[in-house]
Amino acid sequence: MPALAWIDDDHKLRDSFVTTIRGSVPKTWRVLSVDPLSSADDYSDWIAKNDVAVLILDERLADKAKRGKTPVNYHGHDVVSAVRKKRPEFPVFMITGWEQDVDSKKGELEDIISKSAIRDDAARNAYMQRIIRAGMRYYEARQAEINEMSTLAEKVALGNATKKDKNRLRALQSGLTIAAVPLVEEKRSDMLNELEKKLDALDQLTVKFKKALRESNKGKSK
Amino acid sequence: MGARTFKVDARTMIALGRESIKQHTTALVELVKNSYDAGSKVVEINVHTAAGDKAAAFLRVSDAGCGMTDEQLEQRWLRIGYSEKRGQPTTGKRRKTGEKGIGRISADRLGGILELRTKAKNSAPVGLSVVWDDFDKAGTDLEKIALGVLEDMNFSVPHPSGPDGRTFKSKTGTASSLSGTELTIRQVRDSWTVDDCIALRDELSIFTSPFHKVQDFEIRLVTDLDPQLNGVITSSVVPLSEVEVKVVYRAGNSISYEIWDRDKVGTRSFVRKDSIEIAQVAPLKIAAETKSDEDDDSRKTDGDVDGQQPKHGLQTPTCGPVEIRLLFLPRKATTVRATKLSLSDLKQFLDKNAGIRIYRDNIRVKPYGDPRTPEGDWLRLGARKAQDPAGAARKTFRAAPNQLVGGVFLTRDNNPKIADSSSREGLVHGAAFEDLRRLVLGALRLLETHYHEGHQKRQEALKAPVVESVEGVRGELQLLSEFLTSARNGSEGAARRDIERSIDHLNLALNNVRLIEQSLDETSEQATIFRGLATLGIAAAVFAHETESSINSVVAACAAAGVLINEKPVGIKQVASEIDKAVQASRRVAAWGHFALTRVRQDKRRRKQIDVEHLARSLVTSLKPTFRANEIDLNLEGKPTSGLTFPMDIESVLINLLTNAYEFCRQSDRKRQVTVYVEPLRQNGKTGVRLAVGDSGSGVNKEFEERVWEPLFTTRTVDNGSVAGTGLGLSIVQSVVDDHKGSRGVSRDPKLKGALFSVWLPLG
């Protein structure tokens with residue numbers, strides 16, 4: 001299930017915020033409250049790995065640091081640029097106390113919200129609705145892609161895939177950062193053999209089960 | 001039937017002449033410029049007033065220039081708007097001044113009649129006369145007005161003055177080798193006075209060479225007004241020079257030099273005479289770079305290698321004995337202070353004459369020193385300045401080529417190794433020439449160093465506190481009062497009453513002075529308050545974000561507590577944790593409020609006996625939480641330092657340095673630390689306190705070390721590259737330092753590795 005991730009170096013403030021928004025987030029969603037990652041380039045993969053559907057982050061990520069570590073050396077807008085390279089559609093919202101520093105990057109963000117604006121409960125709720133909706137849209141679009149992928153994979157397995165289909169499948173695979181497996185068709189024969197073996201095993205199981213059932217029935221009717 | 005043409009109305013002459021020039025002295029200078037452009041070595045100006053008899057008065061400008069033939073008179077002089085200067089900007093090799101082609105009409109401004117007599121070499125003298133009023137007829141074509149014929153076209157050509165000052169002229173007659181031009185102006189329009197002649201001398205003083213040995217262009221004045229005004233006009237350039245250096249090289253490896261400079265009011269005085277090793281001002285160039293005579297000027301290095309070590313040990317110059325004189329005239333209004341010259345006069349002069357010229361036997365060797373030509377810039381002063389455009393405040397200050405007038409004096413007998421080039425104009429650029437270059441650059445270095453050293457003193461002089469001047473005035477007035485009192489006691493009757501009245505006036509003046517001093521004290525106090533408020537403003541801009549952030553934390557924590565309390569089951573521990581966060585954050589907000597409110601208290605504005613370390617400690621304590629909120633470790637290393645001072649000013653200094661440090665240490669990856677240092681320190685025999693703030697940032701770039709103290713200068717950028725910071729904090733610190741007559745500096749903190757800003761203030 002999808003997740004909403006909140007990145008801020010000020011963990012106390014972040015945890016308080018996360019506590020207050022949990023109510024707005026759909027029950028099926030996870031909420032991740034996270035310290036900034038080591039590098040701005042790590043975010044893209046992390047988003048994929050954790051199934052994150054929408055990201056909230058601060059601009060200033062370098063004010064504080066985890067105990068014993070130094071603060072990171074990048075800012076919110078760096079993260080946005082890095083993520084946008086691989087995922088142009090991914091929704092990112094910035095909630096920051098430093099909105100004047102970020103105006104120029106506004107085009108790359110869904111929105112820039114000031115921390116003082118969300119002091120008010122009603123305002124906070126309204127923003128959260130927007131954020132959740134953006135996350136939902138992305139998630140649904142991604143789900144559609146996943147479905148499309150399985151349909152195409154099946155086609156390939158059955159040998160019905162056209163060249164266009166195969167290209168589309170490759171594109172989807174790379175977009176979702178799934179390890180690009182060699183196209184199924186090349187190992188089709190292996191796969192079929194595997195399938196045959198599994199089917200045989202199933203058949204045998206079915207036979208054993210039926211036999212056991214017959215015998216237990218016999219026992220009962222006596 | 002011909003094509004249509006323009007006609008010129010005769011009245012145009014009037015418009016170009018008397019109506020376009022205001023000052024009669026200016027008009028006469030225009031005519032002298034023509035003589036200069038004619039390549040004359042001498043021009044004689046006669047101002048004959050005939051004791052007010054207008055009929056007998058005349059003005060005359062005569063020169064020994066190239067003159068004109070009949071044809072040239074017809075084709076050039078009579079052609080308005082013709083200027084041969086436009087076509088060839090140099091006479092022989094002298095750059096011409098006028099290019100508009102109407103200078104001669106300025107004669108109209110001077111008098112009703114102009115008589116022109118001129119003679120070119122190997123030609124007969126020719127001439128004409130002009131009655132300017134003939135042109136005051138609107139509606140008549142210029143070309144229809146006939147000019148007069150002169151009966152006697154002979155005139156006297158001046159010769160340069162002899163060494164004893166005697167002057168003489170030669171009648172043209174049939175002496176074919178003579179050439180020159182004489183303009184005589186009759187029906188003089190103005191009554192020339194002594195002051196006019198003095199003004200004339202001043203304006204013309206810029207045309208002659210500053211080096212009296214050189215006889216480039218002699219201007220002399222002859223007038224019947226006052227014999228003291230007669231004689232050769234000497235250059236005023238030397239007394240104008242901010243710095244003059246004269247270097248004499250005889251032999252060996254050292255030079256002797258003399259330096260003159262000017263004080264605040266413009267009085268020139270001798271500074272010192274000394275000798276110095278050549279290597280100290282002009283280290284050796286690498287021998288391989290020395291070129292032979294077929295060298296290509298554009299590939300030359302500039303030979304000025306400050307800081308480099310001589311590569312082959314000392315090498316004695318081979319150029320022979322040389323005298324070098326350099327004059328430095330900054331192109332600023334201050335250079336013409338206390339003279340009648342204007343800045344544009346100075347710039348005009350420099351545009352024509354700037355450059356370091358070479359003279360052999362007092363005769364100019366071209367093209368060295370020609371302004372704005374590559375061949376003329378034989379020391380590559382242009383490139384040298386471009387390489388390091390540092391101003392006078394920096395040690396590496398270099399004079400710009402358009403501000404230097406200089407002469408390098410050689411003789412054929414004593415400098416045989418400096419030979420004429422056979423293939424082009426100028427000298428052979430061999431080893432001897434390179435040595436000469438080196439010496440001249442060494443002399444230049446002496447000049448620049450002296451000017452740089454004087455710069456600091458000049459800056460301080462410019463800032464001379466009004467307070468001291470007022471004290472001076474009060475002192476003088478009091479002395480005067482004492483003098484008058486004793487004079488009164490020794491007088492009687494009407495005289496005594498007169499003195500009494502003077503004393504009354506004096507007392508009024510003294511009273512006013514006291515009021516001024518009082519007002520100055522109040523202004524000074526106000527300055528302290530304004531600095532304190534400004535500092536508060538700057539601190540607010542920097543730290544207020546923390547407050548905002550803290551308030552966000554309070555609200556978020558309370559909201560979270562609210563949510564948690566309504567959950568079932570209630571997580572009491574979490575609720576408590578959120579409330580605790582809110583409390584901590586509120587404390588930070590309160591701390592900032594307290595900090596802001598205690599800045600401008602009454603008792604801090606007056607001079608008090610305080611322990612500076614104590615003050616610093618309470619400041620550091622109140623700012624610690626704000627710094628910690630950004631992971632910055634703020635500490636104080638102080639020693640008890642008591643004294644009489646203004647607490648608010650001490651705080652203004654510390655707070656501004658701290659806000660700087662706060663921003664700086666966020667720039668680097670090092671562990672963030674800021675340390676405040678306070679300790680007693682004596683400087684220049686006075687007790688005082690050293691206040692310093694060091695940070696763990698990336699330090700201040702060496703080239704900005706002086707500039708950071710300027711108002712509105714900031715190197716701070718927001719992380720996305722745009723400018724942050726007001727650029728005012730350090731200028732407030734500078735203002736405190738100036739008011740208290742302290743000192744300040746920036747260097748590197750040895751422990752924290754970032755910048756270390758230090759300030760020393762005297763303690764009463």
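All heavy atoms count here, side chains included; hydrogens, waters and symmetry mates do not. Here the structure is a predicted model, which means the values were calculated and not measured.
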Side chain to side chain contact (heavy atoms under 4.5 Å, CB included) involving Asp51(A) - partner list, sequence neighbours excluded: Arg30(A), Tyr139(A), Arg142(A)
Check: Phe93(A) ring centroid to Tyr127(A) ring centroid under 6.0 Å: no
Gln129(A) atom CD: more than 12 heavy-atom contacts under 6.0 Å: yes
Interface residues of residues 556-571 of chain B facing chain A - non-hydrogen atoms under 4.5 Å apart: Ala556(B), Ala557(B), Ala559(B), Ala560(B), Val563(B), Leu564(B)
Mutual orientation of the aromatic rings belonging to His75(A) and His77(A) [parallel < 30°, tilted 30-60°, perpendicular > 60°]: parallel
Check: Arg84(A) side chain, Phe90(A) main-chain N or O, donor-acceptor pair, under 3.5 Å: yes
Please table the atom pairs, donor to acceptor, closer than 3.5 Å between any side-chain atom in residues 579-593 of chain B and protein atoms at least two apart or in another chain.
from: Lys581(B); atom 1: NZ; to: Lys12(A); atom 2: O; distance (Å): 2.8
from: Lys581(B); atom 1: NZ; to: Ser16(A); atom 2: OG; distance (Å): 3.2
from: Lys581(B); atom 1: NZ; to: Glu578(B); atom 2: OE2; distance (Å): 3.2
from: Ser586(B); atom 1: OG; to: Ala582(B); atom 2: O; distance (Å): 2.5
from: Arg588(B); atom 1: NE; to: Ser550(B); atom 2: OG; distance (Å): 3.1

Backbone of Val52(A) reached by a side-chain donor or acceptor of Asn50(A) within 3.5 Å: no
Donor-acceptor pair, side chain of Ser735(B) and main chain of Ser731(B), under 3.5 angstrom: no
Between Arg14(A) and Ser33(A), a side-chain donor and acceptor under 3.5 Å: yes
Tyr677(B)-Phe757(B) aromatic ring centre distance below 6.0 Å: no
Contact class of Asp10(A) relative to chain B, heavy atoms under 4.5 angstrom: side chain
Contacts with chain B made by residues 18-25 of chain A (heavy-atom distance under 4.5 Å), listed by residue number: Thr19(A), Thr20(A)
